[in-house]
Protein chains: 2
Amino acid sequence: MDDEIAVVKEDVIESMERSAEVYGLSRSAGRVYGVLYFADDPVSIPELVEETGYAKSTISNITRKLTRIGMIHRRSSEGGGRRVRFAPETDLWFVIQDVFTQYVDREMEMTQRTLQQALDDLAERDIDAVEQDRERIAELADTYEQLQTLLSVAMDNSAEDVIAAIEQSDLD
Amino acid sequence: MDDEIAVVKEDVIESMERSAEVYGLSRSAGRVYGVLYFADDPVSIPELVEETGYAKSTISNITRKLTRIGMIHRRSSEGGGRRVRFAPETDLWFVIQDVFTQYVDREMEMTQRTLQQALDDLAERDIDAVEQDRERIAELADTYEQLQTLLSVAMDNSAEDVIAAIEQSDLD
DNA sequence: TTGTTTGTTCGGCTCGTATCGAACAAACGA
DNA sequence: TCGTTTGTTCGATACGAGCCGAACAAACAA
């Protein structure tokens, strides 16, 4: 009876474990997210321990990491005791935007700063001797700027809007 | 003299090491790419050993990995002996497209298959008992389909075209 | 053929990370 | 107040990844 349903959910959760791995998270993180995703209400740490079989400390670490990247949320302060409860962020586009803004955008900013500094350093020197190197660094900076432009547009809009904008053009 | 230039290049290469880490590669991979990026001609494995200080076996593994994901290319068959030489792929957008197509697109296809299978399984059962679970899985499938659409448009066009399409709309 | 150069594979070492259980801290209920 | 529940932090262990040197394989030169 319910068993069949449980099997189907288990399949989906296992799929989430695989996905988590692809995106640089642990399988355990995928499972925790999966349990939250199918839960009717926010889930406490003891309940996650019960449902996943992981140790309390492990769940504590996983929930912290997932909370930090915005994949789950702490639903603190609520009827019951001081139990912390977690709910999943179901808008995956939002999660992606968050992660890219936190890490990729950051990395691009740092890289751009390094490249500009390098160009400044080379600018003070004999042109011919460094021209080829200067050109290469400049190209890299251009490429990065282009990627940054692309990324910031994607990060500042809903997935629907981006799709709509592209489809209304002649790209597809 | 040349030293100053070497320092600037070293800064840029170290930046590439950091970037490589953010994107799930090893620092050593970033360095190898950096050396190739500044080289005037394709570089052999012994030369990479010389320039990076890494062991021959390490360079062998790194070049294989970078070649697989399309960040560098084997320039085999060439004037000299049987030495294999490597050149960098400088079109980073092309690299990104490759990686996303190889891994993310693949993961999304697999997930979609799992989700559809789950929906089929639930379809045979009593509607009311599984309606909420079915709805959740369906939403996940929808989200994934949307992300796939977005991704495939981005992966099938040049960065310039995608940027142009978006800017010609009213998104920015 | 035989020695040399080049590249891959293998075994081992190190280090980081995931995980556990236990100790600790904080908040709640009695 | 004191015990109980909840959550975090702290070593300890285990497993995987990066890296190395050595053994091996393959191609070239003499």
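The chains referred to below are lettered A, B, ... by the order of the sequence lines, with proteins before strands, and numbering in each begins at 1.
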Worksheet item: For atom CD of Glu51(A), is the number of surrounding heavy atoms from other residues, nucleotides or ligands below 6.0 Å larger than 12?
Response: no
Worksheet item: How would you list, by chain and number, every residue that makes a salt bridge (charged side-chain N to carboxylate O under 4.0 Å, His left out) with Asp40(A), sequence neighbours excluded?
Response: Arg136(B)
Discussion item. Give the residues of residues 15-39 of chain A touching DNA chain D, defined as any heavy atom closer than 4.0 Å, sorted by residue number.
Written reply: none
Worksheet item: Would you write out the dot-bracket form of DNA chain C, 5' to 3', with Watson-Crick and G-U pairs under 3.5 Å, [ ] for crossing pairs, | for pairs to other strands and . for unpaired bases?
Response: ||||||||||||||||||||||||||||||
Worksheet item: Within the side chain of Thr111(A), is there an N or O that forms a donor-acceptor pair under 3.5 Å with the backbone of Glu107(A)?
Response: yes
Worksheet item: Sequence neighbours excluded, which residues qualify as side-chain contact (heavy atoms from CB on, under 4.5 Å) partners of Asp142(A)?
Response: none
Worksheet item: Does the side-chain hydrogen bond (donor to acceptor under 3.5 Å, both in side chains) test come out yes or no for Glu47(B) and Ser44(B), once each step is laid out?
Response: CA-CA 5 Å; Glu47(B) 289 165 340; Ser44(B) 70; 3.3 Å; yes
Polar atoms only, N or O, under 3.5 Å: list the protein pairs with nucleotides 7-11 of chain C and their distances.
residue	atom	partner	partner atom	Å
dG7(C)	OP1	Val84(B)	N	2.2
dG7(C)	OP1	Val84(B)	O	3.2
dG7(C)	N7	Lys56(B)	NZ	3.1
dG7(C)	O6	Lys56(B)	NZ	3.0
dT8(C)	OP1	Arg74(B)	NH1	3.4
dT8(C)	OP2	Ser60(B)	OG	2.7
dT9(C)	OP2	Arg64(B)	NH1	3.1
dT9(C)	OP2	Arg64(B)	NH2	3.4

Worksheet entry | Partner set under side-chain contact (heavy atoms from CB on, under 4.5 Å) for Ala164(A), not counting sequence neighbours | none
Discussion item. Does Gln116(A) form a side-chain hydrogen bond (donor to acceptor under 3.5 Å, both in side chains) with Asp120(A)? I'd like the steps, not just the answer.
Written reply: CA-CA 6 Å; Gln116(A) 289 308 321; Asp120(A) 289 350; over 6 Å; no
Discussion item. Whole angstroms only, please: what is the OH-C1' distance between Tyr54(B) and dC20(D)?
Written reply: 12 Å
Discussion item. For the backbone of Gln146(A) and the side chain of Trp93(B), can you confirm whether one donor and one acceptor N or O come within less than 3.5 Å of each other?
Written reply: no
Worksheet item: CD1 of Ile72(B) to CD of Glu89(B): how many Å apart, nearest 0.5 Å?
Response: 11.0 Å
Item to complete: Let me see the working for Met16(B) and Arg31(B) under side chain to side chain contact (heavy atoms under 4.5 Å, CB included), right down to the final yes or no.
Response: CA-CA 7 Å; Met16(B) 289 176 171; Arg31(B) 174 156 297 267; over 6 Å; no
